[in-house]
Amino acid sequence: MSALTAIFTAPAAEAQTAPVKAKNVVLIHGAWADGSSWGEVIPLLQKAGLHATAVQNPLSSLADSNAAAKRALALQDGPTVLVGHSWGGTVVSDVGIDPKVSALVYVAARAPDADEDFVALSGKFPTGPVRAGIQTHDGYTLLSEQAFLKDFANGVEPTKAKVLFAEQGDTAASIFAGRTSAAAWHNKPSFYAVAKQDRTINPDLERFLAKRMNATTVEIDGGHLIMVSHARQVANLILQAAGVTVPGSKTAMKK
């Protein structure tokens, strides 16, 4: 079965209820990044009256990343939208079962099912060029400057991309094979932003994941770091997940 065929034959998630109005947003960054990758989105959320927290994801193991997210969730004082970018979507799927989490948002992100071999799943889709730039040292990985600027941060203003390259978090090679114990998207309202020009995660894999979870989906004409290059569109999707009305917003394909 081809990857494109799989998109249309994936099992749908259970029926979801509309998200309750949230007052908080917790943001989980992915591999080769840190909390500053949400720096363009956070002011837009704050302007809308939401309390935003960017977790400094340790990227040392799934257990460590889950623990950091859980600490942040424990500090929230009410319904909270949990947002993940890239590998951070793994954490969202695992810890999103927390009762405080009112909705899930995946931004060009992984969205594994419980105990799923995500490496095998992603292998059914063409590999992005970023992979060729992964450099491993003592069990941790970084992206080469060329791969980061050309492929990981494609579409980001060059000066900003160079800053993000300098800030990238070294990422344990082992985390990519880590398996979740839960898949919160089966039971929580879910939203997905597909990056149409993604060179890190195949856009068709992103579409497959969004369809599988029956997510409210928006397609954004940008690269993997759409929360930097298209912050307003990403923020609007998060606001929708929080039950905040966004005047004039064209929040894409529904289900």
Side-chain angles (χ1 to χ4, degrees), residues 2-13 16 19 25 27-33 37-38 40-41 44-45 81-93 96 103-113 116 118 121-131 151-156 176 183-186 188-242 246 249-255:
S2 71
L4 284 173
T5 301
I7 293 170
F8 297 104
T9 59
Q16 300 173 357
V25 178
L27 303 146
I28 312 293
H29 67 79
W32 311 306
S37 59
W38 297 106
E40 308 297 323
V41 169
L44 302 175
L45 302 179
V81 176
L82 185 61
V83 184
H85 173 249
S86 193
W87 184 81
T90 307
V91 179
V92 169
S93 289
L104 314 171
V105 180
Y106 295 83
V107 180
R110 290 181 169 214
D113 206 343
E116 181 171 49
F118 198 85
L121 174 63
S122 61
K124 298 177 181 179
F125 296 79
T127 300
V130 159
R131 186 171 300 182
D151 299 316
F152 190 71
N154 60 309
V156 176
F176 298 104
W185 48 264
H186 279 293
K188 299 287 179 83
S190 299
F191 298 75
Y192 200 107
V194 172
K196 293 170 66 176
Q197 306 302 325
D198 204 320
R199 299 177 186 171
T200 302
I201 298 177
N202 188 284
D204 279 341
L205 173 55
E206 296 176 11
R207 295 181 180 107
F208 168 86
L209 297 171
K211 184 173 179 64
R212 181 172 71 169
M213 71 173 73
N214 197 29
T216 297
T217 306
V218 60
E219 295 221 0
I220 299 175
D221 194 16
H224 192 56
L225 300 184
I226 48 174
M227 69 285 198
V228 180
S229 62
H230 294 73
R232 170 52 69 185
Q233 289 173 269
V234 170
N236 283 352
L237 188 65
I238 296 171
L239 292 174
Q240 184 181 2
V246 183
S249 174
K250 296 180 180 178
T251 309
M253 314 177 298
K254 176 73 172 176
K255 311 301 183 190

Novice: My understanding is that only residues two or more places apart in sequence, or in another chain, count here; which of them pass side chain to side chain contact (heavy atoms under 4.5 Å, CB included) with Ala241?
Specialist: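 Here the qualifying residues are Val81, Ala103, Val105, Phe191.
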Novice: Give, for atom CD of Gln197 and atom OG1 of Thr200, the distance between the pair rounded to the nearest 0.5 Å.
Specialist: 12.5 Å
Novice: Please identify each residue that fulfils side chain to side chain donor-acceptor pair (under 3.5 Å) with Trp32, with sequence neighbours left out.
Specialist: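 Partners of Trp32 under the side chain to side chain donor-acceptor pair (under 3.5 Å) test: Thr141.
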Novice: So, for Ala195 and Glu206, which heavy atoms are closest and what is the spacing to 0.1 Å?
Specialist: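 Closest heavy-atom pair between Ala195 and Glu206: N-OE1, 2.8 Å.
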Novice: Enter the distance from Asn154:CG to Asp198:CG here, rounded to the nearest 0.5 Å.
Specialist: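 Rounded to the nearest 0.5 Å, the CG-CG separation comes to 7.0 Å.
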Novice: Would you say that Ile201 contacts Ser86 through its side chain, given a criterion of any heavy-atom pair below 4.5 Å between the two side chains?
Specialist: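 They are in contact (side-chain heavy atoms under 4.5 Å apart), so the answer is yes.
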Novice: Which heavy atom of Tyr192 sits nearest to which heavy atom of Ala108, and what is that distance?
Specialist: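 Shortest heavy-atom separation between Tyr192 and Ala108 comes out as OH-C, 3.8 Å.
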Novice: Of Val83, Leu82, Leu239, which meets side-chain contact (heavy atoms from CB on, under 4.5 Å) against Val25?
Specialist: Val83
Novice: Of all residues at least two apart in sequence or in a different chain, which pass the side chain to side chain contact (heavy atoms under 4.5 Å, CB included) check with Thr90?
Specialist: Leu62, Trp87, Arg110, Pro112, Thr180
Novice: Taking side chain to side chain donor-acceptor pair (under 3.5 Å) as the definition, give me every residue that meets it alongside Tyr106, ordered by chain and number, with sequence neighbours left out.
Specialist: Ser93
Novice: For Asp151, enumerate each residue passing the side chain to side chain contact (heavy atoms under 4.5 Å, CB included) test, keeping only those at least two apart in sequence or located in another chain.
Specialist: Pro129, Val130, Arg199
Novice: So how far is it from Met227 CE to Ile220 CD1, rounded to the nearest 0.5 Å?
Specialist: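 The CD1 atom of Ile220 is 11.0 Å from CE of Met227, to the nearest 0.5 Å.
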Novice: Would you please name every residue forming a side chain to side chain donor-acceptor pair (under 3.5 Å) with Arg232, sequence neighbours left out?
Specialist: Asn236
Novice: Do Leu209 and Trp185 have side chains that approach each other closer than 4.5 Å (heavy atoms only, starting at C-beta)?
Specialist: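 No, side chains not in contact.
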Novice: Heavy atoms only: give me the nearest Asn202-Pro126 pair and the separation to one decimal.
Specialist: ND2-O, 3.3 Å
Novice: Between Val156 and Ser229, what is the shortest heavy-atom contact and its length?
Specialist: CG2-CB, 4.3 Å
Novice: Any side-chain heavy atom of Glu219 sitting closer than 4.5 Å to one from Arg207?
Specialist: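 Side chain of Glu219 against side chain of Arg207, heavy atoms only: contact under 4.5 Å found.
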Novice: With rounding to the nearest 0.5 Å, note down the distance linking CZ in Phe125 to CG in Leu205.
Specialist: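 Between atom CZ of Phe125 and atom CG of Leu205 there are 5.0 Å.
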Novice: Taking all heavy atoms of Ala111 and all of Arg212, pick out the closest pair and write down the distance.
Specialist: O-NH2, 3.0 Å
Novice: Listed by chain and number, what are the ring pair (Phe, Tyr, Trp, His ring centres under 6.0 Å) partners of His224, not counting sequence neighbours?
Specialist: His85, Phe152
Novice: Which residues satisfy the side chain to side chain donor-acceptor pair (under 3.5 Å) test with Asp113, sequence neighbours excluded?
Specialist: His186
Novice: Go through the structure and list residues passing side chain to side chain contact (heavy atoms under 4.5 Å, CB included) with Ala235, not counting sequence neighbours.
Specialist: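 Ala235 satisfies side chain to side chain contact (heavy atoms under 4.5 Å, CB included) with Val41, Leu44, Leu45 once adjacent residues are dropped.
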Novice: If you compare all heavy atoms of Leu104 against all heavy atoms of Gly96, which two are closest, and at what distance to 0.1 Å?
Specialist: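 Between these two residues, the closest heavy atoms are CD2-CA, 4.0 Å.
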